[in-house]
Amino acid sequence: MSAFGRRGRATCLAAAVAAVTLVAGCGNNGVSTGSSGGVVQLSMLTGFTGPDEASYQALVTEFNTSHPDIHVTMTAEPWATVAQKLPAAWATGGGPDLATPSSDPGSIFNYIKTNSVLPLDSAVGTGSGQIDSSAFPSVVRNAFTVDGKLYAVPANMATLVLYYNKDMFAAAGIKAAPTTEADFIADAKKLTVSSGGKVSQYGLSLADNNTIQMWPILQWMSGGDIVDSKGCATVNSAASVSALTQWSQLVIQDHISPVGQAGADADTLFSSKKAAMEINGPWAASGYTSAGINLGMVKVPVGSAGPVTLASTVPLMIERNGPHTAQAEQFLAWYTGKAAQLKFSQISGFPPARTDLGSALSGNATVSLFASALPDAKLYLAGLPEATSIDSDVYVPMIQRIERGANVASATAAAATQINKLTGCAS
Amino acid sequence: MTSLSPSSGAPRRRSRRRFNSAYLFVAPSVVLIAVFIAEPILQSAWMSLHDWTIGSADNPFTGLANYRSLWQDSRFWNALRVTAIYTAAVTVGQVVLGLAIASRLRRTTWYSSLLRTAYFFPFVASLVVVGIVWKFLLDPQVGLIDAWLGDLGVSNPPQWLQSTSLALPTVIAVGIWKNVGFTMIVLLAGMQQVPADLYEAAMLDGAGPWRRFTAVTLPALRPALLFTTLIATITGLQLFDLVFAMTGGGPVFSTESVVMYLYEKGFVEFQMGYASAIAWVLFIIILAVSAVQLRVARNRDGD
Amino acid sequence: MATSELTSPRAAAGRRNGRPPALRSGGPRRLARIAGRLGAGVSWLVVVVGAAAIVLPFLWMLGVGFRTSGDLYADPARLWPDQWTLHGVRAVLDQLPFTRLIVNTFVFAGGTTVLLLLFDSMTAFALARLRFRGRNALFVLILATLMVPFQVTLVPVFLTIYHFGWLNSYQGLIIPRATSALGIFLLRQFFQQLPRELDEAARIDGANDFTVYWRIILPNAKPILATLFIIQFAALWNDFLWPLVISSQTRMQTLPAALTLFSSQSGVDHSALMAGAAISLTPLAIAFLLLQRYFVQGVATTGIK
């Protein structure tokens, strides 16, 4: 790829001249798909720009070799960019055949509303070449089913676990990773080291913006929540308030975590050996290992409400007005099939997006850990058409205020009013 | 235009020729502006009167409903406040500092050229790169600034971008850092146009450096000052990239500018109608502020 | 931040004390002169420190680009690496189709800037030197487009380009950006300053409008054209949103757009991120250093009014 360094100046110049003449003459038109020589070309736009991109590409390559009549080309751009160009691209019918619109499963509602996404019902079934949605984890199937129709398949499936730095645990004299909320809190305090008012090591690395959500897990642990299934706010319930009070006090008074970190900051804190624990997904493991962390991973500790963690899934959808929807459906059926999901888990470390592969994965400890958390995992703001607004307008700023010392009862009460206004909850 | 007497060929030909060539000269720009700026902005005005969602088949006409909800939208007012503070601070900071630096570096020597280059350099860097670099510089864990403050014995260095009260001032400082060089160059250019004999006359009158500055330099710089103020105001009111790269508008909306909010509404929540209403309010504010600045400058000129 | 003689009260006071020199006796006068010198010294110091503060982030960026993350985490207070590594540069070069990106960026930024200078100077020439109906209205209209926030026109423009069938093409990238209100404004100011005698002489020799524009006005406009070239080339080179939106295909991407994508990769590979930033800045830095001598001259000659 890095031909630039080796080629001479003349080659570059020639290429530039050739490119300039292109401007005057032709130039490709907007339609990015087509068929050449009997091969149907499908384009797929994703937001997988991270280290996990290679795993998706490997899967796509395998599909292309096993399906000589279809060729899928996957591109990856940042989520913000995808969100910016996909709506208009799909509205004009000139966009990619397949796309992951956002890392937030709630985003599918926007595309359903604009009639730009293909319902997959006709392709669903358990036969070969069909999309076997019955094998999807139920949280995912429910999130992607709107008014009885399936609109997306999971491009990936992730659960969050507790990452910890074994060396720091050993240095603090803690024998084992926490399994209960009480131990979790005690360890977080114990692992927070400060000298002269300056914290040199944090017990836990929490993020409150541009991140996979961590705070809902802390609420769920002891029975709190944000919104119930009817769209009514529960963020101000007694359990929620007490959980938020407890954890915000730990942050404010005990300084177990810095305030105001974005997801990337939280990861940097952990990989720079300045935090002992972080709640994170499977994508983080390789980076921490290569940063030289003596890494341990366990399921999220259990609180009074029983085991729980956050599930995350990226929706993969088909453009409604695309020219090759049948081939795109074929791709989705293959992509979510047993063989592909097994392979994807093995190369990416993500749990499979199917629940019927348990025994096949027992050899891989990491994948097994993430997969074992799946039955207790919940999606953030699952199934709410207003999820995007609730997240950005209400929940994220509420957590940010609480972390900075706002009164929990009044902050949650205000948030509840806002949520109910957005969802139209009557009560 | 003129009343044409159809029989006289010569004048008609001349008037047509003059008419034609001027319009030919402006045609490319006019067509591009019409198609790619004017038509889209008018289209967005039309969108702002609808409950318009990108790609939706049904976009009901809602009249001024978007503008009415905007009036009651506290997040919009916050964004307006943030934008106004940013614009005022950056404009004043840029012009005052730019003026100070320009007057120091007015004479061209090898070292002043070097310093000019240094000050101007951030102008060619993209706001995104600037945002990313500063974000890391100010990072409490890996950033240079807090590490240096720590070495100086500051035990709890400020949380520049994490604090709701410090985030906006920090973004303002970076905004000034980025653009002060441009202001400096424009003002420098203005200063070099002041005829030397004006200074000599002032010196003969016994005017000191400060007096020479206020009595000779400043009045001569009025056009350049107006230009830099106007450009700084317009770009300030359109603040987006820097906030996008540095804070994403947070924490708790403390750095959310109007265009950032517009972006959220339009491209994250898909409410193009509402986003267009925000854009139009902003557009009108920019027009009004610029008109006032031009008017103030013209009145002064009239003195 | 930086202050200088104008804002530093001590310096200003020093100057004021020294104002009527004749009335002062020797002692205070010398004192005033010393104070003035001191003020000048302090203000120079401030200007130099300010320049250092301007340059520092770029040095730091270079340092981090060649530093291992372990080295950075261990001592963030150091400006330069202890352990040098090419990891960041290699990561950028390995993961991005570099030749393609460079070509695309030069075609986009260079092509657009050249067209823009042509169109803007033509319009500015008409506005400054020719008489036609609606001239003032046109000028006001052009200035008003400066005030349109880019984000609001993005969706309608995208739809237009789609209808033209220009998505993923150089013309889609270039043509919509090939004129700029700021450029027209600056050029018009410049053209108005040029002496009228120039074109009158040429017209007596039988030159038409086009000849006057091409043979008389443009050759005299080199400084302002160089200035505009830098301003516009930098703006286009740095623009990442526009190329990203217009070109969905990797083969049409530009360097900064690709680097922006690159920078969003999980966000923790500091050296790759900063190396990428440094690489994207290099061509601009070179262009700027080559053309900067025109700069003050170019702005000066517009006599902005």
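Chain letters run A, B, ... following the sequence lines, proteins first and then strands; every chain starts at 1. From a predicted model like this one, the values you see are computed outputs, not experimental measurements. FYI, side chains are in, hydrogens and waters are out, and symmetry mates aren't considered; it's all heavy atoms of this structure.
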request  = Please report the closest heavy-atom contact between B/Phe253 and A/Pro397, naming both atoms and the distance.
outcome  =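 Distance-wise, the nearest heavy atoms are CZ-CG, 3.4 Å.
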request  = Count the heavy atoms belonging to other residues, nucleotides or ligands that lie under 6.0 Å from CG of B/Asp151, then report whether that count exceeds 12.
outcome  =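 For B/Asp151, atom CG is crowded (more than 12 foreign heavy atoms under 6.0 Å).
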ask   = Distance-only, no hydrogens or angles: does the A/Gln400 side chain make a donor-acceptor pair with backbone N or O of B/Pro251 under 3.5 Å?
value =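 No, because the side chain of A/Gln400 does not come within donor-acceptor range (under 3.5 Å) of the backbone of B/Pro251.
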inquiry  = Test your reading of the model: is there a side-chain donor-acceptor pair from A/Arg404 to the backbone of B/Gln162, 3.5 Å cut-off?
reply    =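 At least one qualifying donor-acceptor pair exists.
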message = For the interface with chain B, which of A/Asn209, A/Leu269, A/Leu86 has the highest count of heavy-atom pairs at distances below 4.5 Å?
response =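 Ranked by contacts with chain B, first place is A/Leu269.
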query = Who wins among A/Asp393, A/Val259, A/Val396 for the most heavy-atom pairs under 4.5 Å with chain B?
reply =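 Sorted descending by pairs with chain B, the first entry is A/Asp393.
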From CA spacing to verdict: side-chain contact (heavy atoms from CB on, under 4.5 Å), B/Asp139, A/Asp265 = CA-CA 8 Å; B/Asp139 186 284; A/Asp265 305 333; 3.9 Å; yes
Nearest-0.5 Å distance, OG of residue A/Ser392 to CZ of residue B/Arg75 =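 So the gap between those two atoms works out to 5.0 Å.
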